[in-house]
Student: 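Please see the structure below; I have some questions.
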Amino acid sequence: MHLPNPAPIDAAPVLAWYDSHARNLPWRVSPADRAKGIAPDPYRVWLSEVMLQQTTVAAVKTYFLRFTSLWPTVFDLAAAPLDAVLKEWAGLGYYARARNLHACAEAVVNQHGGVFPTSSAALQTLPGIGAYTSAAIAAICFDEEIAVLDGNLDRVLGRYYALPVPVREAKDELRAALQASVPKRAGDFAQAMMDLGATICAPRTATCMLCPIQPGCIATKTAAPTVYPLKPAKPEKPVRKGHAFVMTDADGDVYLQTRPDKGLLAKMTEVPTSDWVSALPPVAYPASGDWRHRGQVIHVFTHFRLELEIWSAAVAPAGLDRGWWAEPSALKGEALPTLFRKVLAAAGLE
DNA sequence: AAAGCGGGGTT
DNA sequence: AACCCAGCTTT
């Protein structure tokens with residue numbers, strides 16, 4: 001046990017702070033409207049929460065507006081082809097989220113009549129909805145009195161209790177301490193604590209004099225509150241190298257194909273590449289042509305750094321039957337991850 | 001329990 | 001250039 005008998009957080013000043021300092025977000029019902037009995041739309045809250053998994057608010061906003069414009073209800077999203085969803089998700093990353101999002105929409109429509117379940121336990125059985133997201137939806141939409149523990153709260157609680165070990169080693173204890181603090185306004189409390197972590201108790205700075213829970217905070221009494229939460233040592237990122245081949249035909253169309261069903265960037269659109277390995281392999285062109293080297297693209301993933309040599313050529317289409325030829329003007333609408341947009345840009349397209 | 005899985009905003 | 005984000009799923 002790292003937190004013997006932790007004191008609960010006093011929710012009252014947190015809610016009072018939220019009433020006057022809540023962020024204005026496209027998927028959020030303001031605390032004033034919530035007090036009038038206006039409830040959030042579970043579809044919009046769910047969509048925003050999935051987009052926000054490991055992704056910043058700033059990056060999500062435009063995607064959220066685009067999705068809700070194209071597909072205003074869960075019925076619309078469930079009826080859309082997965083392909084269309086992947087195209088709209090392109091650039092946001094973690095593409096398994098988009099596949100699970102579509103599967104979840106289908107499950108809500110086909111198994112729940114288009115109505116989202118109202119308990120965190122039921123929500124968590126749906127694709128792409130785990131411990132955090134189920135709690136967030138249940139609290140925000142239905143005021144279920146449940147602890148909503150995300151990366152912000154890891155930091156806020158790690159500091160509040162001056163947690164002496166990395167969060168991963170005390171997750172259950174933090175959740176229990178938070179659970180003991182949840183008030184009736186559970187949804188506003190969850191959002192308030194996340195806003196607190198995003199604005200006052202930020203990763204590199206803590207503006208403790210403005211913090212509504214400073215009185216009980218242990219870290220603020222120390223010389224350097226931001227040393228919490230303690231971080232585990234990070235492993236070094238390996239480098240992988242390879243070649244990417246941008247081919248055009250006589251019409252100037254570009255050769256594209258779909259990535260495999262599983263693994264990195266699954267089912268997304270790409271141009272052909274070599275394997276990505278630690279030592280740059282000899283170049284093996286996928287078709288004959290006047291190949292030109294177009295420089296290098298560097299792209300950093302979560303668990304490795306990728307360095308691709310970019311080659312382009314006009315080729316005869318014979319033997320290329322796995323993919324398709326796309327007009328350059330149509331590239332914008334393809335399900336191209338950022339990596340391959342960089343590759344096409346290096347080859348003079350896009 | 002650990003690994004795999006993107007990309008960009010912020011500092 | 002490092003850090004880290006409203007985490008989930010698979011192994």
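Reckoned from all heavy atoms, side chains included, excluding hydrogens, waters and symmetry mates. By convention in this document, chain letters (A, B, ...) are assigned in the order of the sequence lines, proteins followed by strands, and residues within each chain are numbered from 1. Keep in mind it's a predicted model, so treat the numbers as computed, not measured.
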Student: Remember a base hit wins even if backbone is also touched, and classify A/Ala131 as base, sugar-phosphate or nothing at under 4.0 Å, heavy atoms.
Tutor: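 Counting heavy atoms under 4.0 Å across all strands, the contact made by A/Ala131 is with sugar-phosphate only.
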Student: Without decimals, in angstroms, what is the distance between A/Leu52 CG and B/dG6 C1'?
Tutor: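 From A/Leu52 CG to B/dG6 C1': 15 Å.
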Student: Is it the case that the side chains of A/His2 and A/Glu169 hold a donor-acceptor pair, with the cut-off being a distance below 3.5 Å and no angle test?
Tutor: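 There is no such pair between these side chains.
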Student: A/Tyr94 near the nucleic acid: base, sugar-phosphate alone, or nothing, with a heavy-atom cut-off under 4.0 Å?
Tutor: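 Base: the residue A/Tyr94, judged by heavy atoms under 4.0 Å, touches a nucleobase.
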Student: Give A/Trp27 one of three labels, base, sugar-phosphate or nothing, depending on what nucleic acid heavy atoms sit under 4.0 Å from its own.
Tutor: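 The residue A/Trp27 makes base contact.
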Student: Picking from C/dG7, B/dG6, B/dG7, which would you name as closest to the side chain of A/Leu339?
Tutor: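 So the nucleotide nearest the side chain must be B/dG7.
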Student: Using atom CZ of A/Arg97 as one end and atom C1' of C/dA6 as the other, report the distance to the nearest whole Å.
Tutor: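 Rounded to whole Å, this separation is 11 Å.
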Student: Using a cut-off of strictly less than 4.0 Å, decide whether A/His299 has a side-chain nitrogen or oxygen near OP1 or OP2 of B/dG7.
Tutor: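 So the side-chain polar atoms of A/His299 do come within 4.0 Å of the phosphate oxygens OP1 or OP2 of B/dG7, strictly under.
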Student: What integer number of Å spans the P atoms of B/dT11 and C/dA6?
Tutor: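 Their P atoms lie roughly 12 Å apart.
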Student: Are any of A/Gln54's side-chain N or O atoms less than 4.0 Å away from OP1 or OP2 of C/dG7?
Tutor: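 Answer yes for this pair, as a side-chain N or O of A/Gln54 is under 4.0 Å from OP1 or OP2.
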Student: Taking the six-membered ring for Trp, are A/Phe304 and A/Phe301 ring centroids under 6.0 Å apart?
Tutor: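 Between A/Phe304 and A/Phe301, the centre distance is under 6.0 Å.
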Student: Specify the residue among A/Arg23 and A/Lys234 whose closest nucleotide of DNA chain C lies further upstream toward the 5′ end.
Tutor: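 Closer to the 5' end of DNA chain C: A/Lys234.
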Student: What's the closest nucleotide to the side chain of A/Thr338 if the choices are C/dA6, B/dC5, B/dG8?
Tutor: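 Looking only at heavy atoms from C-beta outward on A/Thr338, the closest nucleotide is B/dG8.
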Student: State which of B/dG4, C/dA6, B/dG6 makes the closest approach to the side chain of A/His303.
Tutor: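 The answer is B/dG4.
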Student: What does A/Leu153 touch in the nucleic acid at a heavy-atom separation under 4.0 angstrom: a base, only the sugar-phosphate, or nothing?
Tutor: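 The answer is nothing, as A/Leu153 stays clear of every strand by at least 4.0 Å.
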Student: Please determine, for the side chain of A/Arg204, which listed nucleotide (B/dG6, C/dC8, B/dT10) has the closest atom?
Tutor: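 Looking only at side-chain atoms, A/Arg204 lies closest to B/dT10.
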Student: Looking at A/Lys262, does any N or O in its side chain come under 4.0 Å of the phosphate oxygens OP1/OP2 on C/dT10?
Tutor: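 No, because none of the side-chain N or O atoms of A/Lys262 sits under 4.0 Å from OP1 or OP2 of C/dT10.
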Student: Cut-off 3.5 Å, side chains only: do A/Ser312 and A/Arg294 have a donor facing an acceptor?
Tutor: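 Indeed, the side chains of A/Ser312 and A/Arg294 share at least one donor-acceptor pair under 3.5 Å.
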Student: Identify which one of A/Thr273, A/Leu331, A/Val246, A/Val297 satisfies the side chain to side chain contact (heavy atoms under 4.5 Å, CB included) criterion when paired with A/Phe340.
Tutor: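 Output: one option passes, namely A/Thr273.
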Student: Could you state the atom-to-atom distance from CG of A/Leu306 to P of B/dG6 in whole Å?
Tutor: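 My rounded result for the distance is 13 Å.
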Student: Tell me yes or no: between the side chains of A/Gln191 and A/Arg28, is some donor less than 3.5 Å from an acceptor?
Tutor: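 Distance-only check passes for A/Gln191 and A/Arg28.
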Student: Count I, L, V, M, F, W, Y as connected when their side-chain heavy atoms are under 4.5 Å apart, and connections chain through other members. Are A/Val74 and A/Leu52 then in the same cluster?
Tutor: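 Result: yes, single cluster for both.
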Student: Which one, B/dC5, C/dA6, C/dT9, comes nearest to the side chain of A/Leu25?
Tutor: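 It is C/dA6.
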Student: Respond yes when some side-chain nitrogen or oxygen of A/Arg155 is under 4.0 Å from OP1 or OP2 of C/dC5, and no when none is.
Tutor: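 Checking A/Arg155 against C/dC5: at least one side-chain N or O falls below 4.0 Å of OP1 or OP2.
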Student: Classify A/Arg305 by what it touches in the nucleic acid, base, sugar-phosphate, or nothing, heavy-atom distance under 4.0 Å.
Tutor: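 It contacts nothing in the nucleic acid.
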Student: Can you find a donor-acceptor pair, distance only, under 3.5 Å between A/Thr302 side chain and B/dG6 base?
Tutor: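 When only heavy-atom distances are counted, A/Thr302 does reach the base of B/dG6 through a donor-acceptor pair under 3.5 Å.
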Student: What nucleic acid atoms does A/Thr133 come within less than 4.0 Å of, heavy atoms only: base, sugar-phosphate, or nothing?
Tutor: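 Sugar-phosphate, backbone atoms only, no base.
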Student: What is the distance, rounded to the nearest whole Å, between atom CE of A/Met51 and atom P of B/dG6?
Tutor: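 That distance rounds to 16 Å.
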Student: In whole angstrom, give me the gap between the C1' atoms of C/dC5 and B/dG6.
Tutor: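 So the two C1' atoms sit 12 Å from each other.
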Student: What integer distance in Å separates A/Tyr132:OH from C/dG7:P?
Tutor: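 The distance from OH of A/Tyr132 to P of C/dG7 comes to 6 Å, rounded to the nearest Å.
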Student: Do A/Met193 and A/Val156 have side-chain heavy atoms sitting under 4.5 Å apart?
Tutor: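 SC-SC contact between A/Met193 and A/Val156 confirmed.
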Student: Of all the nucleotides listed (B/dC5, B/dG8, C/dA6), which has the minimum atom distance to the side chain of A/Met194?
Tutor: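 Taking heavy atoms from C-beta onward, the closest nucleotide is C/dA6.
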Student: Kindly say if A/Tyr95 contacts the phosphate of B/dG7, meaning a side-chain N or O under 4.0 Å from OP1 or OP2.
Tutor: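 A/Tyr95 to B/dG7 OP1/OP2: side-chain N or O found under 4.0 Å.
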Student: Tell me: CG of A/Asp188 to P of C/dA6, nearest whole Å?
Tutor: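 So the two atoms are 18 Å apart, to the nearest Å.
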Student: So, under a plain 3.5 Å distance rule, would you say the side chain of A/Thr55 forms a donor-acceptor pair with the base of B/dG6?
Tutor: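 In this structure, the two groups form a donor-acceptor pair.
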Student: Tell me what A/Gly197 touches on the nucleic acid: a base, only sugar-phosphate, or nothing, going by heavy atoms under 4.0 Å.
Tutor: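 Counting heavy atoms under 4.0 Å across all strands, no contact is made by A/Gly197.
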Student: Which one, B/dG6, C/dC4, C/dT9, comes nearest to the side chain of A/Asn100?
Tutor: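 Selected nucleotide: C/dT9.
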Student: Let me spell it out: for each of A/Gln53 and A/Ala58, pick the nucleotide of DNA chain B with the closest heavy atom. Which residue's pick is nearer the 5' end?
Tutor: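 Upstream on the strand: A/Gln53.
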Student: From C/dC5, C/dC8, C/dA6, pick the nucleotide closest to the side chain of A/Thr56?
Tutor: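 Out of C/dC5, C/dC8, C/dA6, the nucleotide with an atom closest to A/Thr56's side chain is C/dC5.
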Student: Does any donor atom in the side chain of A/His303 or A/Lys237 lie under 3.5 Å from an acceptor atom in the other side chain?
Tutor: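 No donor-acceptor contact under 3.5 Å links the two side chains.
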Student: For the pair made of CG in A/Leu101 and C1' in C/dG7, what is the distance, rounded to whole Å?
Tutor: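 Atom CG in A/Leu101 sits about 14 Å away from atom C1' in C/dG7.
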Student: Which of these nucleotides, C/dT9, B/dA2, C/dG7, is closest to any side-chain atom of A/Arg168?
Tutor: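 Selected nucleotide (nearest to the side chain): B/dA2.
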Student: When the distance from CH2 of A/Trp276 to C1' of B/dG6 is rounded to whole Å, what number comes out?
Tutor: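 One finds 11 Å between C1' of B/dG6 and CH2 of A/Trp276, rounded.
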